[in-house]
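Below: one structure, written as structure tokens.
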Amino acid sequence: MASPYRIKDAALADHGERRIGWALAEMPVLRGIGERFGRERPLAGVRISACLHVTAETGNLARTLQAAGAAVRLCASNPLSTQDDVAAALAVNSGIAVFASRGESTEQYYADIDDALDHAPQLTLDDGADLVSRLHSVRAELLAGVLGGMEETTTGVIRLRAMARDGALRYPVIAVNDAASKHFFDNRYGTGQSTIDGIIRATNVLLAGKNVVVAGYGWCSRGIAMRARGMGANVIVTEVDPLRALEAVMDGYRVMPMIEAARVGDIFVTSTGDKSVIDRQHFEVMKDGALVANSGHFNVEINIPALEEMAASVWEPRAFVRQYTLTDGRRVSLLGDGRLINLAAAEGHPSAVMDMSFANQALCSEYMVQHADELENVVYGVPQVIDKEIARLKLKAMGIEIDVLTPEQTRYLASWQEGT
Ligand SMILES: NC(=O)c1ccc[n+]([C@@H]2O[C@H](COP(=O)([O-])OP(=O)(O)OC[C@H]3O[C@@H](n4cnc5c(N)ncnc54)[C@H](O)[C@@H]3O)[C@@H](O)[C@H]2O)c1
């Protein structure tokens, strides 16, 4: 039998508690759902294994699920993203079985996932699909008891769709990432702001006047590009998709292949979900002093092994910065080990956007328990009623009212007879 929790330091609980409370003040939608869940207990007795970045916002989600009656086990979805004080507060003050510690080894990371799975979950919540993948490969004996799952991020949804295509997925999953109330806000404004925050906290670099190269022009990267420009950087975008590249051009950015951008960039940020987007040939032409960071899910977007091979020496001038001196004397600094820089060096997304992402997780958990037996073993979008309801609740919490269609407008929009 696994221990009830494994965290870095239980004495951090008080500090974590204060940070969870601070975050909750910015999460009115989740708070409202938690109050209803407390009355209605829609997840009474449901065992949940959640593999998420263990942050203050996740703490509030875990407590919301617990208020609904669920037994929650929580592990990290990245070895560098755990906030140890939050882990302590959840374990010590809420009796949530947390298995996570910041900076854990890869072996410990998977051992923690195993411990989170040990109570034989009925629901899984994942961010990147490592838990689902472990469940289907190493812990397949537990699959029969799983009703369904939720996936938080783009990379996880891509992995799960590939599993479903191969007929390998053994239970239905809802792609929380695909909700408009999630990726329009979390990926764009959340990753945009917090990635810049992570780069600045790691380096204290001035963005004004710098050439910032943003790899990709998806939901995350467009947020990063927008915020970097807002701080006075000259932003260059690289893409492989012609439509997205065109969008970047018309949004006013310079667009060029990475090999050209590599020659002029001062700061590089990847967020593509792809691998080796910054590769050996790019390091070969970078300027002395270039900073390289990643905000995509896995640490494969920057070819770190190639950089290590090219280096004559390495040192760490400050936390989250590893500076490689290449054989010709040029220095290239890798931030946050190439892991999600917003979670490694900053605090992840602001609570106000996680409010909507985690409202989706909470409402989809309830939906999955009610509807799992009608669903097939494929990846589903978030039901539109949930998506719209979350936007409605967020606007209400912000005190913003919007217009309502008149009966005449409703009729007009549904008719094809009326023209000029
Ligand atoms: N840092 C965070 O907190 C955070 C938050 C949400 C999502 N993510 C992760 O960020 C990544 C991107 O997510 P998204 O929602 O923006 O995805 P997206 O699919 O909207 O965008 C990815 C873009 O990258 C482009 N791309 C792919 N390969 C490329 C290459 N070699 N060079 C240039 N561009 C390339 C694609 O064409 C696409 O436009 C995913 O791994 C996702 O899981 C991170």
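For the single chain, residues carry numbers from 1 onward in sequence order. Order of appearance sets the numbers: ligands from 1, and atoms from 1 within every ligand.
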List in chain and number order the residues that pass side-chain contact (heavy atoms from CB on, under 4.5 Å) with Val138, two or more places apart in sequence or in another chain; answer none if no residue qualifies.
Arg134
Looking only at side chains, do Ser81 and His53 share a donor and an acceptor under 3.5 Å apart?
yes
4.5 Å side-chain heavy-atom contact, Val332 and Phe268
no
Got Leu61 and Leu65 here, is their nearest side-chain heavy-atom distance under 4.5 Å?
yes
Within the 4.0 Å heavy-atom cut-off around ligand 1, the contacting residues, ordered by chain and number, are Thr153, Thr154, Thr155, Asn187, Thr191, Gly216, Gly218, Trp219, Cys220, Thr238, Glu239, Val240, Asp241, Arg244, Ser271, Thr272, Gly273, Asp274, Val277, Ser295, Gly296, His297, Leu340, Asn342, His349
Where do Asn187 and Asn177 land on the side-chain hydrogen bond (donor to acceptor under 3.5 Å, both in side chains) test, with the steps shown first?
CA-CA 9 Å; Asn187 300 32; Asn177 182 71; 3.2 Å; yes
Could you check if a side-chain atom of Lys210 sits within less than 4.5 angstrom of a side-chain atom of Val205, using non-hydrogen atoms only?
yes
